[in-house]
Every structure is written in C-alpha cells, then in structure tokens.
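Please read the structure below before turning to the comments.
Residue numbers begin at 1 in each chain, while the letters A, B, ... track the order of the sequences.
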Amino acid sequence: MKPPADLEGSRALVTGGSRGLGLELCRALGRAGARVAFTWAHEPSDAKAARASLEAEGIEALDFQGSVSDSGHVREVVAALEAAWGGVDLLVNNAGLTQVLPISLIDEADWDEVMDTNAKGAFLFSRAVLRGMIRRRAGRILNIGNFSSERLVEAPVHYAASKSALRGLTEALAREVGRYGITVNLLAPGLLEEGLGAMLPQHRIDEYLEQCPLRRLGALPELTRIALFLLSADAAFVTGAKIAVDGGV
Amino acid sequence: MKQPPSLDYDALLRVGYEEYRRFVNPIIAERARLAGEPLRVERVADGSPILSDGRRIEDMHGIQAFGQRNPEVNEALLEYLHSDRPSWFPSRVNPYAGRLAAILAARTGYDNAFFPCTGTGAVEAALKLSRALTRRPRILSIQGAYHGCTFGSCALMSPGIFRDAFGPHLPGVSALPFDDPAALEEALASGDVAALVLEPIQGEGGVRPLSEAFIEAACTLSEAHGTLLIADEIQTGLGRTGRGLLHSASWSRRPDIVLLGKALGGGLVPISAMLTRAALFERAYGRDFAVAESHNTSFAGNALGCIAALRTLELVDEDLLAGNRRKGEQLRRALEARLSTNPLFDHVRGEGMMLGLVLEPIDHPWLSFEHFGYPSLEGRSLVAPLLCRRLYARGFFTFPCGHDWGVVRIQPRYGIEEEALERFVDACAEELEQLAEDTR
C-alpha cells in the first residue's frame with residue numbers, strides 16, 4: 001500500500017519516537033515525505049540508533065530529549081519546531097509507559113508516573129501544538145491508546161486508566177477543535193509482536209490469542225498504515241474515532 | 001418561643017452558596033464556578049478576605065477602600081448597636097444625618113446633603129433636584145458612563161448589557177461624545193439642559209479620565225447656560241484619586257451637585273450622599289412643607305449608615321491622601337516598567353489608587369468567546385476577563401471594566417502594603433506573559 005501522497009512536506013512530531021511503534025511511525029512518515037521530529041526520554045543509545053536507522057533511509061529527523069510530562073520540555077520542543085519549520089501539522093502522542101503490576105503493588109508514585117506520561121503528556125503536547133494549528137485552521141492529532149480502553153481485558157489499572165483518559169481526551173478535543181478543521185483520533189493497538197507483546201509471559205500471550213478471533217499478535221506495519229491514513233487528507237472527515245487494531249478481541 | 005435559625009458561619013458556608021445559586025442568581029453562581037473562583041471566604045484578617053484554605057485575597061474592587069471590616073468603623077457601629085439609641089426617628093429629623101451633613105459641609109463646602117442607601121439613589125436624587133430646580137427637560141451624560149442601575153441612572157448609561165433591555169428610557173436624556181468640548185457647547189446652547197452628569201474618571205467606561213480642557217469647558221459652559229453640573233464621585237471621591245476628599249475640589253468651578261457612595265459606609269453599611277448647596281435645595285424643595293420631602297426614601301440618613309460614614313470620614317486625612325498619591329504613582333510606574341515589553345500591554349491610565357490597565361485585544365481564535373461557547377459575546381474583548389481570572393488565582397481580585405473588557409480596573413484598599421503592590425505587579429507581569437505566550 002502506498003503512503004498517502006499529501007503527507008509530502010508536512011511537519012510531523014512523534015513523542016516517544018526512539019523505538020518500537022514510535023520509531024516505525026517516524027520511519028513511515030519520513031518515507032511518505034514528511035519532515036519528522038521525535039522526542040525521547042531515557043536512552044541516548046536508542047535515540048542514536050533511531051537517528052542512524054532513519055538516516056540510512058535518507059530521513060533526517062530532529063530529536064529532543066525530555067519528559068512529555070514536563071511542560072518546560074514541551075514548550076521548548078514546540079518552540080524549536082516553530083522556529084525550524086514554522087509549525088507542526090501532525091502530532092502523534094505516542095509516548096507511553098507501563099508497568100505490569102496488580103493493584104496491590106501499584107504505589108502512588110507508580111500511578112502518578114503512568115498517568116503523567118500517558119495522559120498528561122498528550123494534553124501538554126496537544127495544547128502546545130494546537131495554538132498554531134488553530135491559527136492555521138488545519139492539523140491532525142493522533143493519540144496512541146491501547147485496546148484496554150476499548151475492551152474488558154485484564155490490564156494494569158493505572159495503565160488502563162491512563163489509556164481511558166486518552167480516549168476521553170480524544171473525544172472531547174475532537175469536539176472542541178473540529179470547528180477549525182483539526183482532527184483528533186485514537187489508535188488503540190492490541191498486543192503486537194514487539195513491545196509489550198514480547199515481554200509478557202507465554203500464558204498471558206496464550207490468553208490473548210484465545211480471545212482474539214484472528215489468533216495472532218499484530219505487526220507494526222499494520223499499525224503504521226492505519227496511523228498514516230488517520231494523519232492524511234483521506235481521513236479529513238474522520239475525527240473522534242477510536243480504532244482498535246487488536247485482531248478483534 | 002421558637003428560636004430563630006442559627007447564623008453559624010460554618011453552616012452558612014456549607015449551604016449558603018448553593019442557596020444563592022438556587023434562590024438568588026443561578027447564572028452568576030455558575031459563572032463563578034466555571035471560572036474556578038474561590039468562594040469560601042472564611043474570615044478577614046488585616047483588611048483582606050482569607051479563604052478556607054488559608055490563602056489571602058487582595059481585594060481591588062474598591063468598595064472596601066478602607067479594608068474589609070475596618071476595625072475603627074466596626075467599633076463605632078458596635079458601640080451604637082450595644083446601646084439603646086433609636087434606629088429610626090419618626091419625625092425624620094435625624095440627628096445622625098444632621099451631624100454627618102454638618103461634618104461634610106465643613107470638609108467640602110457643600111452645605112446641604114441627602115443620604116440615600118445606594119450610589120444610584122444619590123444619582124436619582126440629583127436628577128430630580130436638577131429637574132425641580134430648572135424645570136428644563138434635558139439631561140446630558142457622557143458616552144461610556146455608568147451611574148447605576150435604577151431607571152434614571154440607566155437612562156444615563158452607555159449602550160450595552162446594562163441598558164439595552166430596559167427601554168424605553170427616561171425622555172430627554174442623551175449622551176455626549178467622550179471628552180468633546182465642542183459637542184458640549186453645542187448641546188448646552190439650546191438652553192433647555194437641566195444638568196450635565198459626569199464622572200471625573202469614568203470607571204466602568206474604562207478608567208478614562210476626562211481631560212482638563214473638557215472639565216474646564218464643563219465648568220464654564222454649564223454656568224454660562226444655567227445648567228447644573230453634577231459630578232458623580234462615587235468612584236473618585238473619598239480620597240481614591242489622592243486629590244482630596246472630593247476629586248472635583250480642584251476644578252475651577254465646584255460642581256453644583258457632588259455624589260458620594262461606595263466606601264462611604266466604611267465598607268460595612270450601605271450609605272451614599274448627594275451634596276449640594278442649601279440655596280439650591282431651598283429653591284427646589286423649600287416652597288412649603290408638602291414639597292420638602294417630595295424626594296425621599298425610608299432609610300435616608302439612617303443611624304447605622306451615618307455612624308459608619310462619620311467614622312469613615314475621619315479616616316480620610318492628609319496622610320491618607322498623600323499615601324494614595326504616592327502608592328498609586330509607584331504602582332503605575334511599576335506596571336509600566338514591568339509590562340512595557342509585553343505585546344498585550346497598551347498603557348496604564350487613571351489617577352492615584354484608581355488605575356486602569358489598558359490591554360491590546362487577544363488575536364487568537366482559541367481564546368475567544370466563540371471558542372468558549374458564547375458566540376453572543378463575540379466581538380467583546382476577552383483579554384481583561386482572562387487576566388483577571390489568572391490574577392484571582394494568584395490572590396488578587398481585580399475585574400474588567402463593565403463597558404470595556406479590554407481594561408482591568410485596579411482599585412486597591414488604601415492601606416495596602418507596598419510589598420503587596422510589588423507582588424501584584426509581579427503577578428500581572430507573569431500572568432500577562434503567559435497570556436501573550438498562549439496567543440502567539
């Protein structure tokens with residue numbers, strides 16, 4: 001499937017883009033001709049490797065280190081992109097954090113960290129880029145949620161709560177900024193072959209597969225193709241949508 | 001005997017706001033809730049309200065010019081309340097009103113007074129006095145005026161939410177363009193104008209001072225054409241601008257009628273004053289007993305109000321006036337210095353402790369009434385409401401001018417500490433910077 005042609009030259013920011021789905025989104029956007037920037041929080045080696053892998057394909061990406069829940073970092077990133085590019089057209093709130101813990105082991109600090117990264121980070125980055133998007137009356141925001149906000153599944157409660165918050169943010173923001181031609185959508189992946197899917201014990205994978213009509217885990221390109229569609233002009237009439245890509249769990 | 005319901009304040013705080021919403025004004029209650037305004041004002045300390053979470057609010061509305069629960073006014077009222085003195089005098093020859101009028105005569109030169117309970121009550125009294133005196137039909141106000149909300153005052157009002165719904169208005173009333181001596185001259189030349197009503201500095205109109213040239217023209221032309229000059233000093237009086245007990249005392253001709261209100265009762269008791277000259281009163285109402293009280297109100301000159309006013313007037317001395325001039329000038333300069341580089345800042349105007357922070361309109365759709373879901377307010381400036389909201393969260397209660405939402409009205413209590421004014425300037429600078437950042 002060809003990437004949407006209208007992404008050529010657009011200005012894209014992906015949070016948490018140094019690995020996993022975030023990196024694949026950067027790659028897909030770069031291949032589609034978008035200018036790409038990503039944020040990362042912890043591992044310089046991951047960021048370096050991400051840059052190298054993108055450069056290998058001729059994609060020159062800007063990157064910024066910092067926490068998505070740090071409003072100062074958010075301001076700096078968006079200000080830098082406005083200075084470098086003149087604005088941001090596409091925002092992918094991908095940065096996320098999880099801990100696979102039962103509620104008995106979730107401390108208050110764990111709750112705060114997961115909520116700050118997964119929900120507050122999306123709020124801060126959305127708010128920061130919207131100022132320019134609203135002025136230009138154009139823009140796309142894509143929130144990367146999780147199927148746990150769409151299905152009744154066993155998931156860490158703070159993680160599920162944060163992803164449900166992201167769902168609410170998506171719906172309310174879509175309503176608020178639709179008048180400016182800006183779309184806000186939620187992509188809710190199920191278990192993938194990479195990321196969390198690669199870390200879970202086998203019995204949890206088996207449980208997932210039993211619930212999944214398609215009887216398999218997802219693959220990154222299956223996510224990125226839908227993400228690119230939601231970021232493209234083809235999805236101009238799609239907003240407030242929650243698309244679970246989980247094999248039908 | 002059945003006991004009256006307790007006025008325990010804790011209980012009142014719990015239920016009173018909900019009762020206000022249900023039984024007084026649901027829209028205002030909703031606005032305050034939506035804006036996240038602090039509601040639980042638990043007590044007063046050193047002249048300022050303290051919230052239930054311990055935060056102090058510096059109230060810059062102006063009505064509490066002497067600080068909330070001013071201890072000296074409080075004490076004077078308590079002394080009266082603990083006595084067995086009458087609360088009302090059946091003959092209406094009220095010794096408290098007499099004493100207050102005599103003190104005001106000594107301090108202002110106006111030897112006749114009437115004491116209603118509200119500022120707009122004083123305006124009504126002045127309008128009726130001017131009609132009774134001159135038998136002329138017309139009354140002039142100035143565009144941007146705000147003199148109160150009763151029907152006569154409303155007729156003087158600038159068009160907008162305070163006026164439009166209530167027509168038809170008092171006939172013969174019209175507004176002159178702001179600060180336009182030529183228009184004034186033309187209007188007065190007809191010889192049918194009973195009174196010209198003006199605020200030396202328009203409050204709700206945007207803290208707009210009338211120019212010296214216009215004031216001079218008003219003084220001269222009103223006398224030449226036999227029109228009464230009425231100075232509404234409900235905002236500027238009682239030392240607010242630092243010029244004197246009356247701001248207009250410095251004019252080349254003293255107005256025929258001056259109006260006081262707001263903090264005249266020390267912020268504790270509602271009382272206002274219409275001051276004029278005995279000769280004018282006698283010409284209007286001195287013909288016989290029947291007309292002597294043809295304008296009156298039941299609680300005019302009530303004991304409680306007069307006692308509060310008598311004690312309040314003692315507080316307005318030369319030291320207070322000098323302090324208001326000095327602090328006002330410091331505040332103005334500090335605001336200009338700290339805000340001058342902010343793109344939303346225009347200028348500071350006003351005098352003494354009555355200042356207006358004039359702001360540029362916000363030019364971003366996401367900070368607009370349309371975006372907030374109030375398209376009927378589209379076109380009105382949002383900058384002052386937004387800054388006031390932010391300042392309230394920082395502990396400073398300021399508010400947008402009623403007719404011009406591009407201006408923040410700043411009227412601190414007279415006793416405000418310089419350190420508090422410095423904190424206020426810091427808060428203004430930081431919050432306006434954030435607003436500017438949000439609109440880039």
Worksheet item: Using non-hydrogen atoms only, which part of A:Arg179 is less than 4.5 Å away from chain B: side chain, backbone, both, or neither?
Response: side chain
Fill in: Evaluation steps, salt bridge (Lys or Arg N to Asp or Glu O under 4.0 Å), between A:Asp89 and A:Arg140
CA-CA 6 Å; A:Asp89 304 309; A:Arg140 298 269 184 274; over 6 Å; no
Table please: side-chain donor-acceptor pairs of residues 12-26 of chain A below 3.5 Å, with sequence neighbours left out.
unit_1: A:Thr15; atom_1: OG1; unit_2: A:Val92; atom_2: O; d: 3.4
unit_1: A:Thr15; atom_1: OG1; unit_2: A:Asn94; atom_2: N; d: 2.9
unit_1: A:Thr15; atom_1: OG1; unit_2: A:Ala95; atom_2: N; d: 2.9
unit_1: A:Arg19; atom_1: NE; unit_2: A:Asp46; atom_2: OD2; d: 3.4
unit_1: A:Glu24; atom_1: OE2; unit_2: A:Arg27; atom_2: NE; d: 3.4
unit_1: A:Glu24; atom_1: OE2; unit_2: A:Arg27; atom_2: NH2; d: 3.3

Worksheet item: Does a donor on one side chain and an acceptor on the other come within less than 3.5 Å for B:Ser48 and B:Arg56?
Response: yes
Item to complete: Output the residues of residues 332-345 of chain B for which the shortest heavy-atom distance to chain A is under 4.5 Å, in residue-number order; output 'none' if no such residue exists.
Response: none
Worksheet item: Between A:His158 and A:Gln99, does any side-chain donor sit less than 3.5 Å from a side-chain acceptor?
Response: yes
Discussion item. Counting only heavy atoms from other residues, nucleotides and ligands, does the tally under 6.0 Å from CD1 of A:Ile103 exceed 12?
Written reply: no
Item to complete: Of all the heavy-atom pairs spanning A:Lys163 and A:Asn146, show the shortest one and how long it is.
Response: CG-CB, 3.6 Å
Discussion item. For B:Glu18, I'd like to know if atom CD has over 12 heavy atoms of other residues, nucleotides or ligands within 6.0 Å.
Written reply: yes
Discussion item. Looking only at the side chains, is there a donor atom on one of A:Tyr159 and A:Asn118 sitting less than 3.5 Å from an acceptor on the other?
Written reply: no
Discussion item. Check this for me: A:Arg167, atom CZ, are more than 12 non-hydrogen atoms of other residues, nucleotides or ligands nearer than 6.0 Å?
Written reply: yes
Practice prompt. Evaluate the side-chain proximity of A:Ile243 to A:Leu186: yes if any heavy-atom separation is below 4.5 Å, no if none is.
Written response: no
Item to complete: Could you walk me through whether B:Arg394 and B:Glu431 pass salt bridge (Lys or Arg N to Asp or Glu O under 4.0 Å), step by step?
Response: CA-CA 9 Å; B:Arg394 295 282 297 265; B:Glu431 298 305 327; 2.7 Å; yes
Worksheet item: In terms of heavy-atom proximity below 4.5 Å to chain B, should A:Glu176 be classed as side chain, backbone, both, or neither?
Response: both
Discussion item. I need the contact set between residues 363-376 of chain B and chain A: heavy-atom distance under 4.5 Å, sorted by residue number.
Written reply: B:Asp363, B:His364, B:Pro365, B:Trp366, B:Glu370, B:His371
Item to complete: Give a yes-or-no answer on whether the side chains of B:Gln64 and B:Asp59 include a donor-acceptor pair shorter than 3.5 Å.
Response: no
Worksheet item: Which atom pair, heavy atoms only, marks the closest approach of A:Ile106 to A:Val157?
Response: CD1-CG2, 3.6 Å
Worksheet, complete the sentence: Closest heavy-atom pair, A:Ile182 versus A:Thr239, reported as atoms and distance to 0.1 Å, is O-OG1, 4.1 Å
Discussion item. What residues of residues 398-407 of chain B make heavy-atom contacts with chain A at a cutoff under 4.5 angstrom?
Written reply: none
